[in-house]
Amino acid sequence: MPTDPVGRFLAALDPDHREAVDAKPRAEQERLAAAWEQELETDAELDTLDELSPSAAEAEAARRVMDRGTG
């Protein structure tokens, strides 16, 4: 499992989004990964999901970041 934020973010994405984000410049990937980490840290609903399934919480946060049009 990747340990850097970009690698963790890419791993949390669905395959189509992963490919699209992977094609972006590194600076954009880092910006998206930071938004993803912020989503994970600030959303209490994700905290509850994280207790049940950390990977599901990460995937949901990644989906939200991409749905906001930040991708």
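- Taking CD from Glu39 and CG from Leu32, the interatomic distance works out to 12.5 Å, rounded to the nearest 0.5 Å.
- Contact detail for Asp22 and Gln29: the closest heavy-atom pair is O-NE2, 3.0 Å.
- Scored by the salt bridge (Lys or Arg N to Asp or Glu O under 4.0 Å) test, Asp4 finds Arg26 as partners (sequence neighbours excluded).
- In this structure the side chain of Trp36 reaches within 4.5 angstrom of the side chain of Glu58, judged on heavy atoms.
- Remark: Arg18 engages no residue in a salt bridge (Lys or Arg N to Asp or Glu O under 4.0 Å) (not counting sequence neighbours).
- The shortest side-chain heavy-atom distance between Arg63 and His17 does not fall under the 4.5 Å cut-off.
- For Asp43, the salt bridge (Lys or Arg N to Asp or Glu O under 4.0 Å) criterion is met by Arg64, not counting sequence neighbours.
- Val65 is not listed as a side-chain neighbour of Gln38, based on a closest heavy-atom distance of 4.5 Å or more.
- Smallest separation of non-hydrogen atoms from Ala61 and Leu46: CB-CD1, 3.7 Å.
- Between Arg31 and Lys24, the closest side-chain pair of non-hydrogen atoms is not below 4.5 Å.
- For the atom pair OG1 (Thr42) and CG (Asp47), the distance works out to 9.0 Å, reported to the nearest 0.5 Å.
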